[in-house]
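So that the names make sense, note that chain A is the first sequence line, chain B the second, and so on, each numbered from 1.
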Amino acid sequence: MSAPLTGRTRDDRSDVAAGITVDSVSKRFRHDRLLVEALDRVSLDVAAGEFVGVIGPSGCGKSTLIRLIGGLAEPDGGSIRVGGMPPAEARAEKLFGLVPQSPSLLPWRSVLDNVTLLRDVGRRTSGWRDPMALLGQVGLAEFASSLPKELSGGMQQRVSLVRAFALGAPVLLMDEPFAALDEITRQQMRYQLLDVWEATRATVVFVTHSIPEAVILSDRVVTMAARPGRVIDVEEISLPRPRHEEMEFEAEFAAHAIGLRRALRSGWA
Amino acid sequence: MGVTAGIGTGAAAPGPGGAGESDPIDAGLGDLKTPARGDLRGRSAGTGWRGAGGVVAAGAVLAVLLGIWQVLVDLTHTPAIEIATPSAAFAAIADNPGYFASNAGWTLEEAALGFVVAFVVAISSAALIVHSRLADRALSPLITVLQVTPILVLAPPLVLILGIGIAPRVVEAALVTFVPLARNAVEGFGSVDRDTLELMRSVDATRRQIFRSLRLPNSAPYLVTGVKICAPLALIGAVISEFQQSSAGLGYVMISAYGYYKVSDVYAAVFVLMFLGVCAVGAVTAVGKRYLRWRG
């Protein structure tokens, strides 16, 4: 049952792969009478199948951007299109897979039941990927029937990734998914994420605080600055794919990392 | 009045705010903490002998207290018309077990009916409150009003309103249990993880689906706490109402024994009532342990 599903999904995906267009989007929040300019005329184009990293200091509106693209909040100005649709419509079409900051596993459901939760809820009819195969790919096959409390933080976050990928959604929105993990676990997670993603080639927007993470994962890295939240730099990452850990020791990687640090610093001035 | 104060405490179970969110059971009544902590210790030890040891220890303390009571009454030669000894109370039960059992059955039935009514209304109002701001604004103040109403004092007017029969007893039990149940249900349905909620929304889940797969299971520990608080309260509510007007039930046993100066029967009925309450709490605790293994 699951094997043919996986096989079919790959073809489905190439049909539905969806790009994202963010056009001059603004968002304001009211904070105790204080008006905070979370996003000020942010524009961004993400091609179908592209992996875009978003870095920036706290409060630059990175998470807000993800929420707006995912149709979880409404912009105050500008427009967003996902696969040519407004976000709310794209959401109803089940175009999104979300990876929130916390693993957000339901503690009363087993690992496998957590992975299939969104399928049961979302009633997505096609495009499913075999959850067991994905769990195996991130080394969690034997934990399928465990409860979340029996897993380490890193393992829980891997389940969260698998949950998003299992949806077979053409657009994946990841909001600092590795932020709470220790540096060593974090390093491994990058390559596990790439490993799973390479097989799908979904469009990804990946928010992070980590420069090396952004460089090694992304096709392009968008740098944002705070107050008001805005895009100040977009850097193409020239490293070839598939990416691997050795690349982190290469001059090209270092050059990109330095470029991003400079861009970030220019945002403070 | 001591009982009224007890209800006030019960209604304050996992209150609004962070404490309730993190651990509903520990945030409950002070005296309910003991079994919860016992759970943890039992689990970390991996076996149940500590739990059994707890029962033995509690039984020993109870036996010592009853022994002191017995000895004090005997030594001071207090007349039986002023206070009964525990042995006299137990003897009264042993003399006429059928009488106490059938009257306990009446009280249990009234309490159970009232509890079920309160549970259904509390769950429904809590579901409305978490889904609609209007319902929240309309119903939440009412719950607070009910919370500060001395419901036990309402027992006589309830008889006037609802007449002779089981109705005023059921309503009294329901009123006494409603607030803690509603508060715990609101907290349980409402205190869901923000990220998880967004996750569900990201796949366009309906409110109904979010309620079924997220809010309802999330409320289970809160509801167990609520039921633990409310099962004994329902019994007390029923008995208080029986004081006003009844021809059966433990409250009736107490009132009529009091009229005939059968003090030992009054104490016997109290013991039976306490036994019912302990059994109810024990049953809920056992069910909670069985189905809430995912916690902690």
Side-chain angles (χ1 to χ4, degrees), chain A residues 63 66-67 69-73 82 87-111 113-124 127 146-150 156-157 160 163-164 166-169 171-177 179-180, chain B residues 14 18 20-27 36 39-40 42-44 46 130-131 184-185 187-225 287-296:
Chain A
S63 296
I66 286 247
R67 299 186 69 244
I69 293 174
L72 298 168
V82 181
E89 215 172 290
R91 191 159 61 106
E93 288 294 316
K94 323 289 184 202
L95 292 197
F96 296 115
L98 184 68
V99 184
Q101 217 171 95
S102 68
S104 306
L105 303 177
L106 301 185
W108 53 86
R109 281 186 170 234
S110 72
V111 164
D113 286 347
N114 263 290
V115 171
T116 56
L117 166 77
L118 299 183
R119 167 172 59 182
D120 302 346
V121 163
R123 292 161 307 184
R124 196 165 205 276
S146 304
L147 287 172
K149 70 171 181 183
E150 296 164 297
Q156 292 189 13
Q157 202 53 269
S160 173
R163 180 180 51 197
L167 278 171
V171 177
L172 296 173
L173 304 174
M174 308 193 181
D175 188 3
E176 298 187 50
Chain B
E21 193 174 322
S22 57
D23 197 341
I25 289 179
D26 267 3
D39 286 352
L40 281 177
R43 228 177 280 147
S44 59
V130 295
H131 282 123
N184 276 290
E187 195 67 24
F189 293 156
S191 68
V192 290
D193 177 61
R194 229 188 97 95
D195 275 356
T196 314
L197 204 56
E198 296 238 301
L199 193 70
M200 305 280 271
R201 290 183 56 213
S202 75
V203 294
D204 212 41
T206 61
R207 284 174 154 205
R208 196 200 191 95
Q209 289 171 323
I210 291 175
F211 186 79
R212 271 216 349 236
S213 51
L214 183 57
R215 295 190 191 278
L216 198 58
N218 187 67
S219 72
Y222 295 84
L223 292 180
V224 166
T225 306
V287 170
K289 251 190 196 168
R290 171 115 172 59
Y291 289 99
L292 299 178
R293 288 213 189 108
W294 50 266
R295 296 190 76 233

message = Could you check whether any side-chain heavy atom of L117(A) comes within less than 4.5 Å of a side-chain heavy atom of M200(B), counting everything from C-beta outward?
response = yes

Looking only at R109(A), R91(A), R163(A), most heavy-atom pairs under 4.5 Å shared with chain B are made by R91(A)

All heavy atoms of S104(A) vs all of D193(B), minimum pair found to be OG-OD2, 3.5 Å

side-chain contact (heavy atoms from CB on, under 4.5 Å) with L199(B): of L98(A), V99(A), L105(A), only one passes, and it is L98(A)

Residues passing the ring-ring contact (aromatic ring centres under 6.0 Å, His included) test with F211(B), sequence neighbours excluded, are H131(B), F189(B)

Under 4.5 Å to a heavy atom of chain B? For Q101(A) that would be both

The interface call for L214(B) against chain A, heavy-atom contacts under 4.5 Å, is both

For R295(B) and K149(A), the nearest pair of non-hydrogen atoms, with its separation, is O-NZ, 3.2 Å

Hits for side chain to side chain donor-acceptor pair (under 3.5 Å) against S213(B), two or more places apart or cross-chain, chain-then-number order -> none

Does any N or O in the side chain of D195(B) come within less than 3.5 Å of the main-chain N or O of S102(A), such that one atom is a donor and the other an acceptor?
-> yes

Honestly, the part of L106(A) sitting under 4.5 Å from a heavy atom of chain B is side chain

CG (L173(A)) and CD (E198(B)) are apart, to the nearest 0.5 Å, by 11.0 Å

Q) Under 4.5 Å between any side-chain heavy atoms of F96(A) and D204(B), yes or no? A) no

Honestly, the part of R212(B) sitting under 4.5 Å from a heavy atom of chain A is neither

Nearest heavy-atom approach of W294(B) to L147(A) is CA-CD1, 3.8 Å

